[in-house]
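Inspection log for the structure reproduced underneath, given as structure tokens.
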Amino acid sequence: MELNLERPLLFFDIESTGLNIASDAIIELSFVKIFPGSEERRKTWRVKPWDYQNNCQKPIMPSAKAIHGISDEDLAGCPRFSEIADEVVEWLKGSDLSGFNSTKFDLPMLAEELERVRKYMKKDLDINLHEMRMVDVQNIYHVMEPRNLKAAYRFYCGKELENAHAAEADTLATYEVLKSQLDRYPETLKNNVEFLSNFSERQKSLDYAGRLGLNDKKEPVISFGKHKGRTARDVYFSEPSYFSWIENGEFTLDTKRQFELLKQQYETEKKEARKAAKAAEQPKPLSDEEIGNSISMLAGKFNVRTEKQKPGKDQSGTGSLF
């Protein structure tokens, strides 16, 4: 079954130096963009993983190399992510997203690389991945048939996945698996990206690392440590230093960014509250009618005529007494 799309759906897959979102980096990124009407475009980048703080290439973990087969030497002449960031953003704009296990790894890793460009290269990238709908094909698979991509490809497509863990092969396989899932479960799955995004979504959180969850009232809640279960607002107003601890701690840049956005929101609320309290202390300005009545009262008290009380000029042409 072909996908019923209202706007492009961008399938993507990432290979990296390792599995630590905060410290590892992208070395290969593949996009397969499907447009309404099933037009397909592809783009794959090899990326030199860069340590922006130490200004050097990040090494690939041996455990990661054993999976994807890419070596440090293979990437020596490749661009850094910061050099392709603008092009990546253009591919992302106006699209919904899809991938296999992407909610847990690929999406957080992509977000982290974008945040590094913002922080270290001082580049204002006009993209917010948190606002984009995400269809995680693995989550659908795990609900319907719990296994991995290779098994999913064999189960749904009846084929063996060749060249597994090459980014483009995995990306194309994910696209085929999603179409086959729609064919296999027509009574459960709707051919609609919003439905598929909601169906495949895990527990909602503000950051990809899951440090900030949402309660039943859609309020940001701390989901770890000593403040677990408390709203972020309550923690900020009772212990603002906690937000500074997050900023200086070993958390992903995406997590730090979400805490910073909340801090800015709460600071704005504090300023508005102070302004409202100050305004409440000030006497209420008099209306024009009240000012006029006050003038008339004072004029009567001191036997002074107001303009309305002044007589007109007499026939001799001389002015009034006032």
Side-chain angles (χ1 to χ4, degrees), residues 1-16 26 28-47 79 81-115 117-118 123-141 143 149 152-153 156-157 161 166-186 188-202 204 208 254:
M1 181 185 295
E2 290 301 321
L3 299 177
N4 179 24
L5 301 178
E6 296 179 356
R7 59 180 184 172
L9 184 59
L10 185 67
F11 292 82
F12 71 106
D13 188 72
I14 284 171
E15 304 299 337
S16 64
I26 293 173
E28 190 171 60
L29 172 63
S30 183
F31 285 164
V32 175
K33 196 169 189 175
I34 312 301
F35 292 82
S38 298
E39 178 190 351
E40 177 183 315
R41 296 180 190 174
R42 305 181 191 181
K43 180 69 177 183
T44 298
W45 296 267
R46 280 283 179 94
V47 182
F81 187 87
S82 60
E83 297 174 84
I84 67 167
D86 288 330
E87 187 180 7
V88 169
V89 168
E90 285 304 312
W91 274 79
L92 289 166
K93 280 184 176 179
S95 301
D96 296 311
L97 302 176
S98 184
F100 196 89
N101 194 31
S102 297
T103 305
K104 185 177 180 181
F105 179 75
D106 300 78
L107 192 56
M109 180 63 79
L110 180 58
E112 193 69 5
E113 288 284 21
L114 292 170
E115 291 301 329
V117 174
R118 287 188 175 108
K123 182 174 287 190
D124 185 18
L125 299 175
D126 185 21
I127 196 73
N128 184 352
L129 297 181
H130 289 279
E131 294 179 346
M132 303 174 74
R133 289 183 294 195
M134 175 73 207
V135 179
D136 195 320
V137 176
Q138 187 191 59
N139 289 349
I140 296 175
Y141 181 37
V143 171
L149 177 58
Y153 193 65
Y156 288 109
C157 305
L161 176 56
E168 185 169 320
D170 287 357
T171 303
L172 289 169
T174 300
Y175 171 39
E176 289 188 53
V177 168
L178 179 57
K179 291 194 294 182
S180 296
Q181 286 175 330
L182 290 170
D183 287 327
R184 184 175 288 267
Y185 311 113
T188 303
L189 302 180
K190 296 180 181 179
N191 194 350
N192 174 278
V193 169
E194 183 172 4
F195 172 86
L196 294 172
S197 176
N198 292 332
F199 188 89
S200 63
E201 185 179 61
R202 295 184 177 181
K204 188 67 176 177
Y208 294 122
D254 174 61

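By convention here, the first residue in the shown sequence is residue 1. Only a predicted model underlies this, so the values are computations on that prediction, with no experimental measurement involved.
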- Is there a donor-acceptor contact under 3.5 Å from the side chain of Q181 to the main chain of I140?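 Side chain of Q181 to backbone of I140: no pair is present.
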
- Give a yes or no on whether the backbone of F100 and the side-chain of D13 come within a donor-acceptor separation of less than 3.5 Å.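 No; zero donor-acceptor contacts below 3.5 Å.
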
- Task: Any chance you could lay out the side-chain contact (heavy atoms from CB on, under 4.5 Å) test for S102 and L97, step after step, and finish with the verdict?
- Result: CA-CA 9 Å; S102 297; L97 302 176; over 6 Å; no

- Heavy-atom pair with the smallest gap, counting every atom of M132 and N128: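 That would be CG-O, 3.7 Å.
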
Please determine whether the number of non-hydrogen atoms from other residues, nucleotides or ligands lying under 6.0 Å from atom [atom1] of [X] exceeds 12.
X	atom1	answer
E194	CD	no
D126	CG	no
K33	NZ	yes
E39	CD	yes

Would you compute the distance between atom [atom1] of [X] and atom [atom2] of [Y] and round it to the nearest 0.5 angstrom?
X	Y	atom1	atom2	value
L114	K123	CG	NZ	11.0 Å
N4	S38	CG	OG	10.0 Å
M109	I14	CE	CD1	7.0 Å
I127	S95	CD1	OG	8.5 Å
L29	E113	CG	CD	9.5 Å
N139	L196	CG	CG	12.0 Å

- Message: Just to verify, which of Y156, Y185, F199, Y153 counts as forming a ring pair (Phe, Tyr, Trp, His ring centres under 6.0 Å) with Y141?
- Response: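 Exactly one option meets the ring pair (Phe, Tyr, Trp, His ring centres under 6.0 Å) with Y141, and it is Y156.
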
- Message: Between K104 and D136 (salt bridge meaning N to carboxylate O under 4.0 Å), is one present in this structure?
- Response: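 Not counted as a salt bridge, because no side-chain N and carboxylate O are separated by less than 4.0 Å.
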
- Message: Whether E176 and K179 form a salt bridge (side-chain N of Lys/Arg under 4.0 Å from carboxylate O of Asp/Glu) is what I want to check.
- Response: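 The answer is no: the pair does not qualify as a salt bridge.
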
- Is the W45-F31 ring centre distance short of 6.0 angstrom?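 Aromatic pair counts; centres sit under 6.0 Å.
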
- Item | Worked check of side-chain contact (heavy atoms from CB on, under 4.5 Å) between D96 and E6 | CA-CA 10 Å; D96 296 311; E6 296 179 356; over 6 Å; no

- Message: Checking salt bridge (Lys or Arg N to Asp or Glu O under 4.0 Å) between K43 and each of E90, E87, E28, which is the one that passes?
- Response: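 The salt bridge (Lys or Arg N to Asp or Glu O under 4.0 Å) with K43 is passed solely by E87 among E90, E87, E28.
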
- Please test L110 against F81 for side-chain contact (heavy atoms from CB on, under 4.5 Å), starting from the C-alpha separation and ending with a verdict. CA-CA 10 Å; L110 180 58; F81 187 87; 3.9 Å; yes

- Message: Please determine whether side-chain contact (heavy atoms from CB on, under 4.5 Å) holds for the pair R41 and F35, giving the CA-CA distance in whole Å, both sets of side-chain angles, and the decisive distance to 0.1 Å.
- Response: CA-CA 8 Å; R41 296 180 190 174; F35 292 82; 3.5 Å; yes

